[in-house]
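For reference, the structure discussed in these notes is given below.
Counting starts at 1 for both ligands and their atoms, following the listed order.
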Amino acid sequence: MNHPENNDDYKGLTVNSGVAQPPVVNPYVRRLRRKPMPTVSEFVEGILKGDVTMLSRAVTLVESINPEHYAMAQEVIEKCLPYSGNSRRVGITGVPGAGKSTSIDVFGLHLLKRGGKLAVLAIDPSSERTKGSILGDKTRMEKLSTHPGAFIRPSPSAGSLGGVARKTRETVVLCEAAGYDNIFIETVGVGQSETAVHSMVDFFLLIQIAGAGDELQGIKRGIMEMADGIVINKADGDNIHAARLAQAQYRSALHLFPPTASGWKPEVLTYSGYFELGITEVWDMIDRYFDFVKANGYFEERRLLQARYWMQETIGEQLRSHFYCNPEVVSMLADREAAVLANRQSSFTAARDVLNLYFSRFH
Ligand code: GDP
């Protein structure tokens, strides 16, 4: 933070006084200057106008670990909140290779043909910026990435799932304020991140592929239970029969599940993202879902429950970070962990000692 290079006056390499200033090697190159940070109202104004550069910069602010940026991002979000909420939020999950990027590309174009705008976000807690994010990478969605109505943003870089998820949820608010009326949130179907995505979308789509006859194996029941729709991709060529078989298996498996809170019966469809077959049918299903839950009031109810969930999550996340950022706690924690590992102290008394120290500082 206090590094001299972070100071605005820092000039990098300088020429000692008394030495003639050498000419610029390429006189046509303009000096690159860091753009000044917009104010909160400039951010909000830009976002509401749908200015993509402003939106991107605001998202970067949301993702920043700098506490000043965080505080500023919160102000921007607060001011954007009244303009948010008017989108259809669709979560998309599937194991790597299921065809998420291919499908999002065609689903996105299908939607954009109807008009409106689409933001594609991702939650992938395992990704790191430096290594390139697995999800949301623009090159994976070739057609969509050049469409003027699409805004594609990779997953916030690695961190706790709670942190990554919060950033994505805040980005949803900004995108909606910028007029994106369709939001896709993508995640890899391999871990806990589905729960996070499920808790911020209106419709949760599970992409599956027909495999070697063991379709229902390895699919966590929990993920299937969360899905509002299951779609089996790659129903093309020699694979059509296997895809239909998988469809039948999923349908019968879903019969065994308890009724959903929405009253909606999850549907199972087959399609081919690559050959663009059955895309309209998938979106007809999603349209039917929205009509259904808007009519029976569940749409509103689910959003309110999600708002409460995120309030609780935010409190939990901030308490945790306050606790683990306390230097005294950190040092005692290391000490007590060593004691527990050496079997010198029980986990309960060790936890009590650390918590007591923490609480004693804030009474
Ligand atoms: P992701 O990891 O879930 O994002 O999957 P990708 O979209 O990258 O697709 C993985 C592979 O499956 C790629 O080689 C795609 O070309 C292929 N693929 C995707 N959709 C289809 C499809 O509908 N049919 C066929 N045959 N292949 C597909």
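- In summary, the atoms of ligand 1 found under 4.0 Å from a heavy atom of Val95, numbered by their order in the structure, are 3 (O).
- Ligand 1 has a nitrogen or oxygen under 3.5 angstrom from a nitrogen or oxygen of Lys234.
- Aromatic ring orientation, Trp283 versus Phe107: perpendicular (interplanar angle above 60°, classes split at 30° and 60°).
- Close approach of ligand 1 to Pro96 is summarised as follows: ligand atoms under 4.0 Å from at least one heavy atom of the residue are 2 (O).
- A donor-acceptor contact shorter than 3.5 Å is absent between the side chain of Asn233 and the backbone of Ile207.
- For the pair Lys143 and Glu276, the salt-bridge criterion is met [side-chain N within less than 4.0 Å of a carboxylate O].
- Atom numbering of ligand 1 starts at 1 in the shown order; those under 4.0 Å from a heavy atom of Ser101 are 1 (P), 4 (O), 6 (P), 7 (O), 8 (O).
- Ligand 1 is approached by Gly97 to a heavy-atom distance shorter than 4.0 Å.
- Taken from OH in Tyr70 to CD in Glu170, the straight-line distance is 5.5 Å, to the nearest 0.5 Å.
- Residue Tyr274 approaches ligand 1 through these ligand atoms, each under 4.0 Å from one of its heavy atoms: 16 (O), 20 (N), 21 (C), 22 (C), 23 (O), 24 (N), 25 (C), 28 (C).
- For a threshold of 3.5 Å applied to N or O pairs, the pair formed by Gly99 and ligand 1 contains at least one separation below that value.
- Residue-to-ligand polar distances keep Glu186 apart from ligand 1: every N/O pair is separated by 3.5 Å or more.
- Residue contacts with ligand 1 for Asn233 involve side-chain atoms from C-beta outward but no N, CA, C or O (heavy atoms, distance under 4.0 Å).
- Using a cutoff of 4.0 Å between basic side-chain nitrogens and carboxylate oxygens, Arg361 and Glu328 are scored as salt-bridged.
- Side chain of Gln306 to main chain of Val201: a donor-acceptor pair is present (N/O by atom type, distance under 3.5 Å, no hydrogens or angles).
- For ligand 1 and Ser272, the ligand atoms under 4.0 Å from any heavy atom of the residue are 22 (C), 23 (O), 24 (N).
- Atoms of ligand 1 lying under 4.0 Å from at least one heavy atom of Asp236, given by number and element, are 22 (C), 23 (O), 24 (N), 25 (C), 26 (N).
- Taking 4.0 Å as the cut-off between side-chain N and carboxylate O, Asp228 and Arg302 count as a salt-bridged pair.
- A salt bridge between Glu63 and Arg153 is present, with a side-chain N of the basic residue lying under 4.0 Å from a carboxylate O of the acidic one.
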